[in-house]
**Q** 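First, the structure itself, so that you have it in front of you.
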Amino acid sequence: MHHIAGPLTVEEVDQPEAPAGGVVISVVATGLCRSDWHAWAGHDDIALPHVPGHEFAGVVVEVGHGVTGWAVGDRVTAPFVEGCGACEWCLGGNAQVCPEQQQPGFTHWGSFSERVVIHAADTNLVAIPEGVSFEAAASLGCRFATAYRALTSRARLAAGEWVTIVGAGGVGLSAVMIAKALGGKVIAVDRNAAALDAAASLGADHVLVADGSDIPAKVHALTGGSHVSIDAVGSEQTCADAILSLRRRGRHVQIGLLPPVEGHPRVQMARVIAWELDVFGSHGMAAADYPGMLALIESGALKPQKLIERVIGLEEAAELLPRMDSANVAGMTMIHPAG
């Protein structure tokens with residue numbers, strides 16, 4: 001990527017070297033995410049030229065000085081937030097909000113490449129169990145792990161509660177699957193019929209087409225208002241629909257980014273105050289929190305591989321990324337960088 005919102009090309013670049021405390025990973029699979037589109041569109045502060053990509057899985061091929069827990073040949077993945085490993089947040093298990101964080105595909109070159117660097121490896125790497133594929137593990141780094149933490153640690157969804165999920169792309173469908181595994185009752189909202197079909201196949205109790213009609217009114221008619229809502233898109237409209245779908249004392253989790261494309265987006269704070277709603281942000285998940293999620297995947301209770309819609313190469317990814325904001329994607333797109 002040589003220009004903001006410009007064409008993308010596949011090029012040969014120099015091999016990366018492992019920094020002190022870090023590793024180099026040979027990328028086997030990496031996911032194409034809407035967050036990558038935000039970087040391409042200029043909504044993040046990135047240095048050019050740039051290589052996108054932030055959710056991946058692969059094999060360690062080089063280990064930097066000071067790394068104690070990892071060796072060449074290890075099968076690994078990592079959260080998209082790299083904590084520094086030394087601050088109070090990292091030491092407390094909350095690397096996802098580390099003030100000195102780095103992010104592949106944003107602060108440094110990412111995983112749309114045959115090799116990627118991860119810093120502070122002893123804090124950020126996660127071992128992939130033998131029973132979990134590289135593709136499934138790659139899907140965890142951003143969307144699946146973010147949805148898991150949003151529902152478990154932030155909203156604390158309880159069995160029997162209603163959750164409205166606005167947006168049935170990768171993170172939204174992940175949230176559908178996880179909510180059902182937790183015993184929740186799910187309403188999925190999207191403008192794309194194929195995405196809603198996918199949500200229904202994953203167990204969504206109701207699906208609603210975002211066709212300009214009053215989505216919150218439909219949710220209230222079905223449920224009396226959801227206990228939990230998630231905006232998995234990130235726009236003023238989707239955020240409003242999610243918050244207004246809640247019952248009194250409900251909990252909203254904002255996952256989709258809300259970039260100030262046309263000024264800072266308005267949020268339904270009057271409803272938040274009057275109905276005493278809780279509003280949470282959710283910014284990925286630290287490596288320290290992965291074991292519980294991986295255990296559910298190993299047991300078969302969660303199957304992130306079912307969310308993968310297609311697998312492509314780098315050339316096709318370069319063509320598809322600029323269209324991510326308008327593409328009708330029903331699930332995750334996975335990239336094999338080596339072809």
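Quick note: numbers below take in every heavy atom, side chains included, and nothing from hydrogens, waters or symmetry partners.
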**Q** Check whether any side-chain N or O of S299 sits under 3.5 Å from a backbone N or O of L296 as a donor-acceptor pair, and report yes or no.
**A** yes
**Q** Looking at F280, does the NZ or CZ of R251 lie under 6.0 angstrom from its six-membered ring centre and within 45 degrees of the ring axis?
**A** no
**Q** Might you point out which heavy atoms bring E82 and P104 nearest each other, and give the distance in Å?
**A** OE2-CD, 3.0 Å
**Q** So how far is it from Q102 CD to N124 CG, rounded to the nearest 0.5 Å?
**A** 9.5 Å
**Q** Classify the side-chain pair D278/H252 by whether it contains a donor and acceptor separated by less than 3.5 Å.
**A** no
**Q** So which heavy atom on I128 is nearest to which on V132, and how close?
**A** CG2-O, 3.4 Å
**Q** Is the distance between the ring centroids of H2 and H50 less than 6.0 Å?
**A** no
**Q** Taking the side chain from S133 and the backbone from A136, do they hold a donor-acceptor pair closer than 3.5 Å?
**A** yes
**Q** Checking S111 against T30: is there a side-chain donor and acceptor pair closer than 3.5 Å?
**A** yes
**Q** Please state whether the rings of H43 and H38 are parallel, tilted or perpendicular, taking 30° and 60° as the class boundaries.
**A** tilted
**Q** When you measure from the side chain of E319 to the backbone N and O of E316, does any donor-acceptor pair fall under 3.5 Å?
**A** no
**Q** So, the side chain of E236 versus the backbone of R266: is there a donor-acceptor pair under 3.5 Å, distance only?
**A** yes
**Q** Between E309 (side chain) and M332 (backbone), is there a donor-acceptor pair under 3.5 Å?
**A** no
**Q** Does a donor on one side chain and an acceptor on the other come within less than 3.5 Å for R154 and S282?
**A** no
**Q** Could you give all pairs that pass the side-chain hydrogen bond (donor to acceptor under 3.5 Å, both in side chains) test and reach residues 197-211, with sequence neighbours left out?
**A** K180-D205, D211-S213
**Q** Examine the side chains of S226 and S229 and answer whether a donor and an acceptor come within less than 3.5 Å of each other.
**A** no
**Q** To the nearest 0.5 Å, what is the distance between OG1 (T152) and CE (M293)?
**A** 9.0 Å
**Q** Please check this pair: side chain of T9 against backbone of E11, looking for a donor-acceptor N/O pair closer than 3.5 Å.
**A** no
**Q** So H108 and Q103, side-chain hydrogen bond (donor to acceptor under 3.5 Å, both in side chains) or not? Walk me through it.
**A** CA-CA 7 Å; H108 62 92; Q103 298 181 18; over 6 Å; no
**Q** Hey, is the main chain of A295 close enough, under 3.5 Å, to the side chain of E298 for a donor-acceptor pair?
**A** no
**Q** Using side chain to side chain contact (heavy atoms under 4.5 Å, CB included), reason through E100 and C87 one step at a time and then give a plain yes or no.
**A** CA-CA 8 Å; E100 302 300 324; C87 69; 5.8 Å; no
**Q** Please report the interatomic distance CD1(I335) to SG(C33), rounded to the nearest 0.5 Å.
**A** 10.5 Å
**Q** Which distance, rounded to the nearest 0.5 Å, do you find between the CH2 of W162 and the CD1 of I187?
**A** 5.0 Å
**Q** Does the side chain to side chain contact (heavy atoms under 4.5 Å, CB included) test come out yes or no for L302 and F144, once each step is laid out?
**A** CA-CA 10 Å; L302 293 175; F144 199 88; 4.0 Å; yes
**Q** Give the minimum heavy-atom separation between T123 and G83, together with the two atoms involved.
**A** CG2-O, 4.4 Å
**Q** Has the side chain of H283 got a donor or acceptor atom that lies under 3.5 Å from a matching backbone atom of Q96?
**A** yes
**Q** Measure the spacing between CG of L257 and OG of S35 and express it to the nearest 0.5 Å.
**A** 5.0 Å
**Q** Main chain of C142, side chain of E55: is a donor-acceptor contact present, judged purely on distance under 3.5 Å?
**A** yes
**Q** Closer than 3.5 angstrom, by distance alone: can the side chain of R143 be matched with the main-chain N or O of V171 as a donor-acceptor pair?
**A** no
**Q** Is the closest side-chain donor-acceptor distance between Q254 and D231 under 3.5 Å?
**A** yes
**Q** In Å and rounded to the nearest 0.5 Å, what is the CG to CG distance from D214 to L244?
**A** 8.5 Å
**Q** Can a donor-acceptor pair be found between the side chains of E17 and Q15 at a distance below 3.5 Å?
**A** no
